Amino acid sequence: MTIDRAWFERDAPIVAPELLGKRLVAATTEGVIVAGRIIEVEAYTRDDPASHTFRGQTPRNSVMFGPAGHAYVYISYGIHRCLNVVTGATGDGQAVLIRAVEVLDGLETVVERRAGRSHRELTNGPGKVGEAFAIDLSHNGLDLLDSRNAVHVADDGTPPPVGPVVGPRIGITEALERPWRFRVPPVR
DNA sequence: AAAGAGATGGTCT
DNA sequence: GACCATCTCTTTT
């Protein structure tokens with residue numbers, strides 16, 4: 001089941017906890033499908049010192065100022081590729097970072113891509129999700145609400161957790177007081 | 001179990 | 001030239 005775009009046009013801290021339980025799908029041209037249930041996210045907004053959009057629009061973050069439901073992919077520390085879903089109205093500069101998923105389909109492929117990692121280390125971090133789902137910059141700007149696209153997000157009917165664990169965001173040095181990290185319990 | 005450091009490259013000042 | 005929305009490996013307790 002696809003998700004209505006208006007659902008993503010709300011503010012990131014509202015969308016983020018409700019994104020828990022949604023299905024992230026990535027297909028290769030060879031037809032290999034990897035899918036997982038989103039279990040950890042973080043919200044980033046325009047007036048947020050920790051957000052890429054805090055200092056205004058640049059070539060890198062321009063997708064975040066575009067329409068909701070599209071993918072914002074960025075390279076972290078020169079190595080990792082991290083996937084966000086743009087939220088809010090066009091021009092807002094908001095997104096939700098997908099930090100962790102639970103693999104549902106294509107586990108064999110994920111194990112291959114994440115060679116040498118234990119099961120629990122497969123997709124428990126944004127860079128790890130990027131590797132497991134083979135996300136790269138070519139996906140930047142892709143419409144994640146179109147199920148025909150190689151990478152997309154869908155609603156498989158799993159309800160969001162009743163009491164998501166809320167906590168501080170990770171790896172940032174600003175606005176640590178904003179509790180905009182949401183996770184399906186139990187934590188780690 | 002915890003702490004430290006290197007990898008690695010695009011982006012912005 | 002500095003700074004990262006990270007991960008992994010090594011060293012130390």
Side-chain angles (χ1 to χ4, degrees), chain A residues 8 10-20 22 24 26 34 36 38-66 68-88 92-103 109-142 144 151 153 164-184 186-188:
Chain A
F8 282 99
R10 300 170 297 155
D11 287 343
I14 305 296
V15 173
E18 295 187 27
L19 198 55
L20 298 174
K22 297 290 184 290
L24 175 65
V34 171
I38 297 170
I39 60 172
E40 185 176 332
V41 297
E42 279 175 356
Y44 288 90
T45 64
R46 176 65 203 279
D47 69 338
D48 172 2
S51 171
H52 288 172
T53 54
F54 184 62
R55 289 170 182 84
Q57 187 168 345
T58 66
R60 172 173 74 151
N61 65 24
S62 62
V63 169
M64 275 185 77
F65 289 91
H70 288 245
Y72 168 53
V73 180
Y74 70 93
I75 307 281
S76 176
Y77 294 90
I79 307 171
H80 310 292
R81 297 166 303 283
C82 301
L83 173 66
N84 297 252
V85 187
V86 176
T87 64
D92 278 359
Q94 311 181 13
V96 174
L97 171 66
I98 297 177
R99 286 195 59 88
V101 307
E102 179 180 281
V103 176
T109 301
V110 170
V111 167
E112 261 176 46
R113 289 173 178 165
R114 300 276 301 134
R117 318 297 154 198
S118 68
H119 181 77
R120 59 174 289 130
E121 298 283 319
L122 290 178
T123 51
N124 62 336
K128 302 177 190 181
V129 171
E131 183 166 41
F133 283 71
I135 303 297
D136 62 63
L137 284 179
S138 74
H139 300 117
N140 192 37
L142 193 71
L144 294 172
V151 180
V153 175
V165 173
V166 182
R169 294 174 292 178
I170 303 293
I172 57 172
T173 57
E174 305 263 19
L176 293 169
E177 75 286 359
R178 301 193 189 197
W180 284 355
R181 175 175 175 237
F182 305 91
R183 176 159 179 116
V184 173
V187 177
R188 317 231 170 259

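Since the structure is predicted, the reported quantities are computational estimates derived from the model, not experimental observations. Letters A, B, ... mirror the listed sequences (proteins, then strands); counts begin at 1. Hydrogens, waters and symmetry mates are skipped; everything else that's a heavy atom, side chains included, is used.
Nucleotides dA5(C) and dA3(B) are separated by 22 Å at their P atoms, to the nearest Å.
At whole-Å resolution of the value, CG in L122(A) and P in dT8(C) are 10 Å apart. Rounding to whole angstrom units, CD1 of residue I172(A) and C1' of dC3(C) are separated by 15 Å. Regarding R55(A), its CZ atom lies at a distance of 13 Å from the C1' atom of dA5(C), rounded to whole Å. In this structure, N84(A) atom CG and dT6(C) atom C1' are separated by 14 Å, rounded to whole Å. Put simply, NE2 on H52(A) is 11 Å from C1' on dC3(C), counting in whole angstrom units. Between Q94(A) atom CD and dA5(C) atom P there is a gap of 18 Å when expressed in whole angstrom units. The interatomic distance linking M64(A) (CE) with dA5(C) (P) rounds to 12 Å, in whole Å. Straight-line distance from the CG atom of N61(A) to the P atom of dT13(B): 10 Å, rounded to whole Å.
The phosphate of dC7(C) (OP1 or OP2) has no side-chain N or O of R114(A) nearer than 4.0 angstrom. OP1 and OP2 of dA5(C) both lie 4.0 Å or more from every side-chain N or O belonging to R178(A).
Pair check for dA5(C) finds none; no Watson-Crick or G-U wobble contact set falls under 3.5 Å. Base pairing analysis places dT8(B) opposite nothing; no Watson-Crick or G-U wobble pair with both distances below 3.5 Å involves it.
Under the 4.5 Å side-chain criterion, counting only non-hydrogen atoms from C-beta, Y44(A) is not in contact with V96(A). Between L19(A) and F182(A) there is no side-chain heavy-atom pair separated by less than 4.5 Å.
Comparing L97(A) and E131(A) by the nucleotide of DNA chain C that holds the closest heavy atom to each, the one mapping nearer the 5' end is L97(A). Toward the 5' end of DNA chain B, the nearer of the two residues L137(A) and H80(A), judged by each one's closest nucleotide, is H80(A). For the pair K128(A) and T173(A), nearest-nucleotide mapping onto DNA chain C gives the more 5' position to T173(A).
Taking only side-chain atoms of E121(A), from C-beta outward, the nucleotide of dC12(B), dA5(C), dT8(C) with the closest atom is dT8(C). The side chain of Y72(A) sits closest to dA5(C) out of dA5(C), dC7(C), dT11(B).
Across all strands, I79(A) comes closer than 4.0 Å to base atoms (heavy-atom distances). In this structure, R81(A) reaches neither bases nor backbone, as no heavy-atom distance under 4.0 Å exists between it and the strands shown. Using a 4.0 Å heavy-atom distance criterion, G78(A) is classed as a base contact. Among the heavy atoms of the strands lying under 4.0 Å from R60(A) are primed sugar atoms or P, OP1, OP2 only; no base atom is included.
Taking 3.5 Å as the limit, the base of dA5(C) and the side chain of Y74(A) contain a donor-acceptor pair of atoms between them.
Shortest non-hydrogen contact noted between C82(A) and S76(A) is SG-CB, 3.9 Å.
A distance of 12.5 Å separates CD1 of I38(A) from CD of E18(A), quoted to the nearest 0.5 Å.
Both geometric conditions, a ring-centre gap below 5.5 Å and a plane tilt below 30°, are not fulfilled together for Y77(A) over the base of dG9(B).
Salt-bridge formation is detected for the pair E131(A)/R114(A): a Lys NZ or Arg NE/NH1/NH2 atom is positioned less than 4.0 Å from an Asp or Glu carboxylate oxygen.
Here the rule is side chain to side chain donor-acceptor pair (under 3.5 Å) with D48(A), and of Q94(A), R178(A), R169(A) only R169(A) fits it.
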